[in-house]
J.: 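Pasting in a structure now, in structure tokens, and then I'll have a few things to ask.
Order of the sequence lines sets the chain letters (A, B, ...), proteins ahead of strands, with each chain counted from 1.
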There are 2 protein chains.
Amino acid sequence: MTDDIDQLLITALMEDSRRSLKALAQISGLSSPSVAERLRRLEERGVLKGYTVEIDPKCFGYQLQAIVRIRPLPGQLQEVERQIMAIPEFTECDKVTGDDCFIARLHVRSMEQLDTLLDRLNTHAETNTAIVKKTPVKRRLPPMA
Amino acid sequence: MTDDIDQLLITALMEDSRRSLKALAQISGLSSPSVAERLRRLEERGVLKGYTVEIDPKCFGYQLQAIVRIRPLPGQLQEVERQIMAIPEFTECDKVTGDDCFIARLHVRSMEQLDTLLDRLNTHAETNTAIVKKTPVKRRLPPMA
DNA sequence: GCAACTGGTCGATGTCATCAGTCATGGCGA
DNA sequence: TCGCCATGACTGATGACATCGACCAGTTGC
């Protein structure tokens, strides 16, 4: 269903999604129409969900990054989820099992902003914040084999 | 330094990084050589750090996703960091302030695999695992304005 | 006020994507 | 076992696109 060549193509695109079909053809040893067809099928099957860019938030003044664990007060779960989604500085959020209902990533320009944003949540939830010091593993793919 | 047009280009590429220069030219109202030049400068300045793809880990059998908080035992910090980096199922890891030294994202195919991987860490660290049930906020950009 | 720099357009050229047509292969039923 | 169909690949022609050089307008600093 997803063979070695597909994986080659995916990793090649993971490294640089703007590679031309011709370049991908050379990498995979196929012709470019064949590559185009494979990409089409990978998209169709939902394996390839999109082509995107990585940008550096620091370039927009986001000096701080925090991981926030969020435990809504009784009856406030819906409201808390709504708020998280509505605050664009939350750039990622998972709803998880355990005491902490949500674990979210927050980008802010300053401590003041961090404080302000969390205060808004604190009327509906308890939060626990950890500031990111370093990122030993940058977003990557799990093994496909 | 980074004006409205750059932001337009970035959001356009965020939506689909394979858009042609011509398409980006139409979106931004510039000519395609100008777009090429702007992208070149954005890359050079490190604002645009790369072009990549989103793939669906489920298509490779990764049914479970967990957020793991990791607190190394005394003197084991280096070793734990080394291990996390070496286990490819950890697809993301941040070193943070607070009791939990690391917060990592883990993709696994089964509970057994989850158990196996965490056991390897547990000789050097205490862990606290939360299974992802849902992702209310998918990776997105903070406001650029 | 002028020179140099920045950031843009236009048009020519070569490269690339795409489409139609063709062919090899593997699985399946007659 | 033979023939048939479906799949997935290749090739070559055509049109779209990226790229490069030449040129131009607006700004800054001297």
Side-chain angles (χ1 to χ4, degrees), chain A residues 1-63 109 139 141-145, chain B residues 1-63 109 139 141-145:
Chain A
M1 187 161 174
T2 348
D3 64 5
D4 295 353
I5 293 180
D6 284 339
Q7 292 181 24
L8 253 177
L9 294 175
I10 290 172
T11 46
L13 285 172
M14 189 86 188
E15 286 166 12
D16 178 6
S17 64
R18 283 185 73 78
R19 276 202 238 256
S20 67
L21 292 182
K22 194 182 183 191
L24 294 170
Q26 280 167 215
I27 290 170
S28 60
L30 296 180
S31 65
S32 46
S34 302
V35 172
E37 177 62 13
R38 274 173 182 267
L39 293 189
R40 201 194 53 70
R41 285 199 305 266
L42 285 170
E43 290 166 20
E44 191 181 63
R45 281 159 40 206
V47 180
L48 258 170
K49 294 205 295 186
Y51 305 91
T52 185
V53 293
E54 279 178 61
I55 72 135
D56 185 358
K58 283 195 188 134
C59 293
F60 296 98
Y62 293 97
Q63 297 295 338
R109 300 185 206 254
R139 209 171 62 94
L141 282 184
M144 289 182 284
Chain B
M1 186 162 173
T2 345
D3 64 4
D4 295 353
I5 293 181
D6 284 340
Q7 292 182 23
L8 253 176
L9 294 175
I10 290 172
T11 47
L13 285 172
M14 188 87 189
E15 286 166 13
D16 178 6
S17 63
R18 283 185 73 79
R19 274 199 238 256
S20 66
L21 293 182
K22 196 185 184 190
L24 294 171
Q26 280 168 214
I27 291 170
S28 60
L30 296 180
S31 64
S32 46
S34 303
V35 172
E37 178 60 15
R38 274 174 181 265
L39 294 189
R40 201 193 53 71
R41 285 200 304 264
L42 285 170
E43 290 166 19
E44 193 181 60
R45 280 161 41 206
V47 180
L48 258 171
K49 294 205 293 184
Y51 305 90
T52 184
V53 293
E54 279 178 61
I55 74 135
D56 185 358
K58 284 197 187 130
C59 293
F60 295 98
Y62 294 96
Q63 296 297 338
R109 301 184 205 258
R139 209 169 64 92
L141 282 185
M144 287 182 284

J.: To the nearest Å, how far apart are A/Leu24 CG and C/dA17 P?
T.: 8 Å
J.: B/Glu44 CD to C/dT6 P: how many Å, rounded?
T.: 12 Å
J.: Just call it for B/Arg41: base, sugar-phosphate, or nothing, with non-hydrogen atoms closer than 4.0 Å on any strand.
T.: sugar-phosphate
J.: Measure from CD on A/Glu37 to P on D/dA6 and round the result to the nearest Å.
T.: 16 Å
J.: Looking only at the side chain of B/Ser34 (C-beta and beyond, no hydrogens), which of the listed nucleotides C/dA17, D/dT19, C/dT9 gets closest?
T.: C/dT9
J.: Would you tell me if any nitrogen or oxygen in the side chain of A/Arg38 comes within less than 4.0 Å of OP1 or OP2 on D/dA9?
T.: yes
J.: Just checking B/Ser20: base, sugar-phosphate only, or nothing, at a heavy-atom cut-off of under 4.0 Å?
T.: sugar-phosphate
J.: Where the side chain of A/Ser32 is defined as all heavy atoms beyond and including C-beta, which of D/dC17, D/dC10, C/dT18 is the nearest nucleotide?
T.: C/dT18
J.: Report the distance from atom NZ of B/Lys22 to atom C1' of D/dA18, rounded to the nearest whole Å.
T.: 11 Å
J.: Would you mind reading off the distance between B/Ile27 atom CD1 and D/dC17 atom P, rounded to a whole angstrom?
T.: 13 Å
J.: Mark yes or no for whether B/Arg19, through its side chain, and B/Leu9, through its backbone, hold a donor-acceptor pair below 3.5 Å.
T.: no
J.: Which heavy atom of A/Ala25 sits nearest a heavy atom of A/Ser31, and at what distance?
T.: CB-C, 3.8 Å
J.: Would you indicate which nucleotide in D/dA18, C/dT18, C/dT9 comes nearest to any side-chain atom of A/Leu21?
T.: C/dT18
J.: Please tabulate, one pair per line, all N/O donor-acceptor pairs under 3.5 Å involving side-chain atoms of residues 48-56 of chain A, not counting sequence neighbours.
T.:
from: A/Tyr51; atom 1: OH; to: A/Glu43; atom 2: OE2; distance (Å): 2.5
from: A/Thr52; atom 1: OG1; to: B/Met14; atom 2: O; distance (Å): 3.1
from: A/Asp56; atom 1: OD1; to: A/Lys58; atom 2: N; distance (Å): 3.0

J.: To the nearest Å, how far apart are A/Asp3 CG and D/dT7 P?
T.: 16 Å
J.: Run the salt-bridge test on B/Glu37 and B/Arg40 with the 4.0 Å N-O cut-off and return the result as yes or no.
T.: yes
J.: More 5' along DNA chain D: B/Ala23 or A/Leu30, using each one's nearest nucleotide?
T.: A/Leu30
J.: Please give, in whole Å, the distance from D/dT7 P to A/Arg45 CZ?
T.: 14 Å
J.: Go through the side-chain N and O atoms of B/Ser28 and B/Arg38 and say whether any donor and acceptor fall under 3.5 Å apart.
T.: no
J.: How close or far is atom P of C/dC19 from atom CZ of A/Arg40, stated in whole angstroms?
T.: 11 Å
